[in-house]
There are 2 protein chains.
Amino acid sequence: MNILLIEDEAHVSAFIKKGLEEASFHVDVAFDGYIGKVLALQNSYDLFILDVILPQINGLELCRIFRAENLETPILMLTALGSTDDIVAGLSTGADDYLVKPFKFKELLARIDALMRRKENRVINPVFSFAGLEINDFTKEVKRNGHPIKLTPREFFLLKYFIENRGRVKTRTQIAESVWGNSYDTGSNVVDVYVNYLRNKIDKDFSPRLIHTVTGMGYIFKEGEE
Amino acid sequence: MNILLIEDEAHVSAFIKKGLEEASFHVDVAFDGYIGKVLALQNSYDLFILDVILPQINGLELCRIFRAENLETPILMLTALGSTDDIVAGLSTGADDYLVKPFKFKELLARIDALMRRKENRVINPVFSFAGLEINDFTKEVKRNGHPIKLTPREFFLLKYFIENRGRVKTRTQIAESVWGNSYDTGSNVVDVYVNYLRNKIDKDFSPRLIHTVTGMGYIFKEGEE
DNA sequence: ATTGTACAATGAATATTCTCCTGATAGAAG
DNA sequence: CTTCTATCAGGAGAATATTCATTGTACAAT
């Protein structure tokens, strides 16, 4: 999930970025409205978080611009304490939700969660099980046939991505975009390397294989043997 | 004591929140059923207060969901005047008590009191014991394998937080938010330092280790070795 | 009131461990 | 044979652990 955060106060944006990354989102930060606009139009994000008060172009104006550009990406506005007018204005210019500063981080997460899922209409169970593979998003534990497996964060994201897209062929580009973030475009073989790591951990000593190569296309996560 | 209040009417929720905070509870408010659900599943509360009529997911449905997720947290339903059907339905879906709006605040307090006491009697002992670790919330004494351990107040809170959230990975942000009460705070490694203090006192000379690092994510409190 | 001691809380500095990624080569597929 | 994929190893860099110095606070002794 790629999020664009447009917020000029350095300590606030650092706080939000760090927290969201801990919650396994990719976050790009823009420190003023203009840069925010450029980033938003050049890349594809799943969510915008906008401060109302911004240098260059303010948050409300940005909302209007994004909607005028037909971006349907959900928008979450951040507004200072007590400025009810901003809220009304924000929601009327196309924002989907708002949050009053200062806020508790868990509240932000809950709202993001609501926005994303409402849109995608998909609920991911924190505990998932498939062909003897169990993953628990609370404890970040992964097991295959009962054997605990230790994954690095990157490997864990990749596995989650495969699970979310099980049964569908995914190209390296698609995988890189989701798992590494869309600022990532070097012609490297990271995806291959990480698929290899993951295979060694979750497929090597077990059957059936779950990660399959589709030559010339990419990879697919499914139960069937080939 | 952490309470999650799920109530969409702003004046009602503000009233309840204020009153409960004066009675020294910590209160999170969700304005619709979906956000309520997310908050409930992501954090640990001692009590839910649910309105029956809510946007997104209604109170009865929430009850059912919480029970299906094996949350044993007591549930107090708020229901509009005279709707006996709601009451019956609520209690049958897993609510522990109900209150008919409008209500007197002291009545709410009395019911909360009763629920909490019932809960304390059956689940949370002021004396908690886990893998050779004993903590006594009355005397604030902590022992590991019978050896008394002296903790500073902050260390004690941190330990309690870990115990309440045992089995779940908690990020630094979440920990800081709950144990330090910070909003916006990054430029510090207090959490790391205190985890280190705590480890030296409760884990260093004992086995199994209880506080585990999950790189890139945070910490988890559990018995398993790694 | 003032000093002094003890300890708690915190941020910064340093040390250590772990993860990520690149680039090269070997191997498989078409 | 050519293109695509798998695998490996090591350095760069990030994340975490640990130590250190500073500040604040409680409280007893002067």
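Residue numbering restarts at 1 for every chain, and letters A, B, ... go by the order of the sequence lines. What you see is a predicted model, and the numbers here were worked out from it, not measured in a lab.
- Side-chain contact annotation: A/Tyr219 with A/Arg172, donor-acceptor N/O pair under 3.5 Å present.
- For the ring-ring contact (aromatic ring centres under 6.0 Å, His included) criterion with A/Trp180, the lone passing option out of A/Tyr161, A/Tyr194, A/Phe157 is A/Tyr194.
- If you check every strand for non-hydrogen atoms under 4.0 Å, B/Val193 touches a base.
- With sequence neighbours excluded, the residues forming a side-chain hydrogen bond (donor to acceptor under 3.5 Å, both in side chains) with B/Glu141 are B/Thr139, listed by chain and number.
- Here B/Arg172 does not reach the OP1 or OP2 of D/dA15: none of its side-chain N or O atoms lies under 4.0 Å away.
- For B/Asn196 and D/dT18, the shortest distance from a side-chain N or O to OP1 or OP2 is below 4.0 Å.
- Atom pair B/Asp203:CG and D/dA17:C1' shows a separation of 14 Å (rounding to whole Å applied).
- If you check every strand for non-hydrogen atoms under 4.0 Å, A/Asn200 touches nothing.
- Ranked by how close their nearest DNA chain D nucleotide is to the 5' end, B/Asn189 and A/Gly218 are led by A/Gly218.
- One atom, NE2 of A/His11, and another, P of C/dG11, lie 14 Å apart when rounded to the nearest Å.
- Note: CG (B/Leu198) to P (D/dT18) measures 13 Å, nearest angstrom.
- Rounded to whole Å, atom C1' of D/dT16 lies 17 Å from atom CD1 of B/Ile220.
- In this structure, CG of B/Asp192 is placed 13 Å from P of C/dA12, rounded to the nearest angstrom.
- For the pair A/Lys18 NZ and D/dA15 P, the interatomic distance rounds to 10 Å; values are reported in whole Å.
- Judged by the 6.0 Å distance and 45° axis criteria, A/Arg166 is not positioned over the aromatic ring of A/Phe221.
- Applying the 4.0 Å criterion to OP1 and OP2 of D/dT16, one finds that B/Thr213 has every side-chain N and O outside that range.
- The side-chain tip of B/Lys37 points at the ring of B/Tyr34 from less than 6.0 angstrom away and within 45° of straight on.
- For B/Arg144, the salt bridge (charged side-chain N to carboxylate O under 4.0 Å, His left out) partners are B/Asp203, not counting sequence neighbours.
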Could you write out each protein N or O paired with an N or O of nucleotides 16-20 of chain C at a distance under 3.5 Å?
from	atom 1	to	atom 2	distance (Å)
C/dC20	OP1	A/Arg154	N	3.0
C/dC20	OP2	A/Thr152	OG1	2.4
C/dC20	O5'	A/Tyr194	OH	3.4

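- Between the P atom of D/dA17 and the NE2 atom of B/His212 lies a distance of 12 Å, rounded to the nearest Å.
- Between A/Arg199 atom CZ and C/dA28 atom C1' the separation is 12 Å, expressed in whole Å.
- Using a 4.5 Å heavy-atom threshold, the side chains of A/Asp8 and A/Asp32 count as separate.
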